[in-house]
Amino acid sequence: MYMARVFKPVQKKTATKAVHTPAIYDPKKIEPILQKKWEKEKIFKALSSKKTKKKPYYVLSMFPYPSGAGLHVGHPRSYTATDIVARKKRMEGYNVLNPMGYDAFGLPAEQFAIQNKVHPKKAVAMNVATFEKQLKKLGFSFDWERKINTTDFEYYKWTQWIFLKLYNSYYDINKKKALPIESLVKSFTKKGNANVSAFTTEEVRSFDKKEWLSMSPLQKQEALMKYRLAYEGEAQVNWCEELGTVLANDEIVDGKDGPVSERGGYPVTKKNIRQWFLRITAYADRLLSGLEQIEWPQYVKEIERNWIGKSEGAEILFKLNVPGQDDGKHSVTVFTTRPDTLFGVTFLAISAELAETWIKVGWGADKKVAAYIEQVVKDHQKNDFDASQNKTGIFTNIYAIHPGTQEKIPVWIANYVLPGYGTGAVMGVPAHDERDFEFAQKYSLPVVSVISSEEEKFPFTGEGVLKNSNIFNGLKSQEAKQRILEKVGGKLVTRYKMRDAIFARQRYWGEPIPLYKDKNGVIHEVKKLPLVLPNTTSYEPTGTGEGPLANITSWKKAGYETNTMPGWAGSSWYHLRYMDANNKKFFADLKEVKYWKQVDTYLGGAEHATGHLLYSRFWHKVLKDYGLVVTEEPFKQLVTHGLILSSDGRKMSKRWGNVVNPDEVVATYGADTTRLYIAFMGPYGESIPWSDESIIGCRRFIERLYKKTQSIVVDSVDKSDISAEKAIHKLIDKITKDINAFSFNTAVAKAMETINNIDSLQVSKKDISLMLQVLNPFIPHVTEFLWNELGNKEKINTAIWPKASKKLLIEDTITIGVQINGKLRGTINIKPNSPENEVKEAAQKEENIVKYIDGKEIIKVIYVPNRIINIVIKG
RNA sequence: GCCGGAGUGGCGGAAUGGUAGACGCAUUCGACUCAAAAUCGAACGCAGUGAUGUGUGAGGGUUCAAGUCCCUCCUCCGGCACCA
């Protein structure tokens, strides 16, 4: 059981005036009534742009997977923050969009269904109902009318529509935007030479009109696949036998014996398979540069930057002398980020995979070499392969011609050269690369330095510039570098680590891919969306690599794709659906999109940095290219939260049995206390253990506030004590600033301090109302209840957010510290902004200070206005 | 290995270079009570009866003044990792 201590309501018969008002705070009575009222009056409804002149403010928490376990206290941490911001912004006069929905496709929902032997659809409906009941108990100000569920066909219809948009697009590298695939076809069928500037990771081919027109539909299809933003291709993928599906890199974690699936912990291996992909690499540069214009935590940006992995360098061509073949007939291109070290190259190292392809085109590798290649290729298949401790290699008997010196340098196969990056071949520069150095040492290869001494500053012209790394690097323009490189058969290129995203899962519970193949293998789009996921009872994995949909005869017969979309498809654009959630004609009306523009504040976990966040940015950019959205980025500000750990400091998990259920907390303490504690427990971005003991302090605070306010309801005064008024205005100031900074814990601390300070003072209805109002975002039920008790005519939810009076923020007297040689020895009270000489004088008269300075020589006195005074004495 | 972030009482945590430990929990004492709970009041970094000394992961430094800035190191968390 979760409860460490049962809260008992106050049993005290207080004042004689208690006859008029209920002195006992009972959230069970207050909260459900207000929640029903809010729902009935729809006061948190976000208005359509047509119906308001208010400025929009869009705040969003990442929507949950409605898992079978129900809500977990981690969820409300995010939603409490969203709600605090939303309620404050509403009072500040914004038309606030604070929606909620469910991300219900994907593995978790399907596995829950399989384990519990219910249809995923039923399971999702059940779980959603549970979530919703739990969420509503916490009193979040969501606009429930905009609720979405990614598994509703009214929703996934548009997921499919966007997929087709991607399928029917290519990326124009000159215009730097997506364009319809037809315009690419048009450029092929123009007269004369086709001028294709389309992005592709494969070999670029353009076609002239005659050639294009002579091609079969299948040939055309194959040609266009290389450009489409959603395309079918073959690739090595992460295959999970147990789950019978392909997984994305971010769905895999390191297990004890190699990589395993994040969900279930099953082993993952590499496998070649035909797959749907999204060409996210086309947007690598925009995904990178877009980071500059958004207010995200630096570390999340860094994660994305690392993931995209841009590196600028050069490709350089080396001619090869292969034994038994004409010299220079073959060649290899290397990729390097250090073209300036070209003259330090003493060998070439190629990947085993590249060597394999050389054998295929007629290179006669001897047995020893062939065996080595086989071994390394096998090693590379292992996900956890690491050669950093043991670099090995073998000489190929092939020599390359150095393009600068024309000298013969040996070509080696090395296990540290990876097939998936660059060209799979590197130039070995032992003098300026640690790995190359290690390798050269092991195999006794020469080391040549190209960092020359100062005197040789400008001894070279033309390609000779490359003989000195400093001179090449000192070239100002990229063009100059390019010109030098061209002389040695090189060119500047940019490479990215990021790969295209696999967009298919061999699972049942996902959006069907709206395409089918006719009997000739030609792909057609489904014209009438949605392509509804067929109902079936056999949705367990086939294990063959085909999706469970292959088990459905009619589906298979119609030629539909048997794979479904991955879990992140629906979440890649949901932020747009909320803008116009009930639109039957389009995913969101452009007028609404133009009004809301983008999510102003997005709250969620940083673990989505290389998944959901990157994918949504990508989709958003594609839609931007078509003018269907108006901003380059979907989420202007991102705020990440820490985890709520269990009180034992571990992660909450069913496995440990240490999960705190918000329902029980609400039942014991009330929704307001739960929310307040979540806000108070610590900095929003940090992971913090839940404490069954500490929460009581938040409940006590609410009771004090309740009691104080009730006493004001009964004997109200016209004017507050000045110090109470000041305390409340300071609180207004602090809370306003702290909510803006997501520093909820300090805002709550100040509120506690305030109630402690004003408890014994006279406070007017007007002033306590101000306090209730700024606390409303945190504890909406009790503050609204008390606000009404005080007889306020206006609704608390629509009252204007108060401004702290500047005059009241100023203190009459302040206490400042007096230091002797930097050590605090006393304090004095002064009026703010007192003249410096008066303060200095007062300090030196202070009793404690006199003891220290008596008879000593004062070297100097430093006064920091209204802060501190430091007397520096000798000895 | 590289790139971020962090390390403060018994615990969660506060501190624009300027009175370290706000606020809350726990603990101790007191009031109320037959009693307990609740509530209210007080104490509460460590050492010392006390004056006082000392103290923000460790060690140096800058400064009148350092939790905060700089250098070296340690530990923890997150990310990337033979990416050429």
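Chain letters run A, B, ... following the sequence lines, proteins first and then strands; every chain starts at 1. Since this is a predicted model, take the numbers as computed values, not measurements. Just so it is clear, the values below take in all heavy atoms, side chains as well, and ignore hydrogens, waters and symmetry mates.
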Undergrad: Between A/D433 and A/S691, which has a closest nucleotide on RNA chain B that is more 5'?
TA: A/S691
Undergrad: Return the pairing partner of B/rU39 with a 3.5 Å limit on both distances, Watson-Crick or G-U wobble; otherwise return none.
TA: B/rA31
Undergrad: Is the charged tip of A/R675 near the ring of A/F778: under 6.0 Å from the six-membered ring centre and within 45° of its axis?
TA: no
Undergrad: Between A/R704 and B/rC40, is there a side-chain N or O to OP1/OP2 distance below 4.0 Å?
TA: yes
Undergrad: Please state whether the phosphate of B/rA22, meaning OP1 or OP2, lies under 4.0 angstrom from any side-chain nitrogen or oxygen of A/N756.
TA: no
Undergrad: Relative to A/W296, does A/R617 satisfy both conditions: NZ or CZ under 6.0 angstrom from the six-membered ring centre, and within 45 degrees of the ring's axis?
TA: yes
Undergrad: Measure from the side chain of A/S694, starting at C-beta and using heavy atoms only, and say which of B/rC25, B/rU39, B/rC23 lies closest.
TA: B/rC25
Undergrad: With both distances under 3.5 angstrom, what nucleotide forms a Watson-Crick or G-U wobble pair with B/rG4?
TA: B/rC77
Undergrad: Go through B/rU52, B/rG24, B/rC64 for me and flag the one nearest to the A/Y852 side chain.
TA: B/rU52
Undergrad: Between the base of B/rU16 and the side chain of A/R867, is there any donor-acceptor pair under 3.5 Å?
TA: yes
Undergrad: Side chain of A/Y421, heavy atoms from C-beta onward: which of B/rA84, B/rG12, B/rC40 has the nearest atom to it?
TA: B/rA84
Undergrad: When you measure only distances, ignoring hydrogens and angles, does the side chain of A/N870 come within 3.5 Å of the base of B/rC64 through a donor and an acceptor?
TA: yes
Undergrad: Return the nucleotide paired to B/rU52: Watson-Crick means purine N1 to pyrimidine N3 with N6-O4 or O6-N4, wobble means G-U with N1-O2 and O6-N3, both under 3.5 Å.
TA: B/rA47
Undergrad: Tell me what A/V417 touches on the nucleic acid: a base, only sugar-phosphate, or nothing, going by heavy atoms under 4.0 Å.
TA: base
Undergrad: For A/R305, which contact category applies under a 4.0 Å heavy-atom criterion: base, sugar-phosphate, or nothing?
TA: nothing
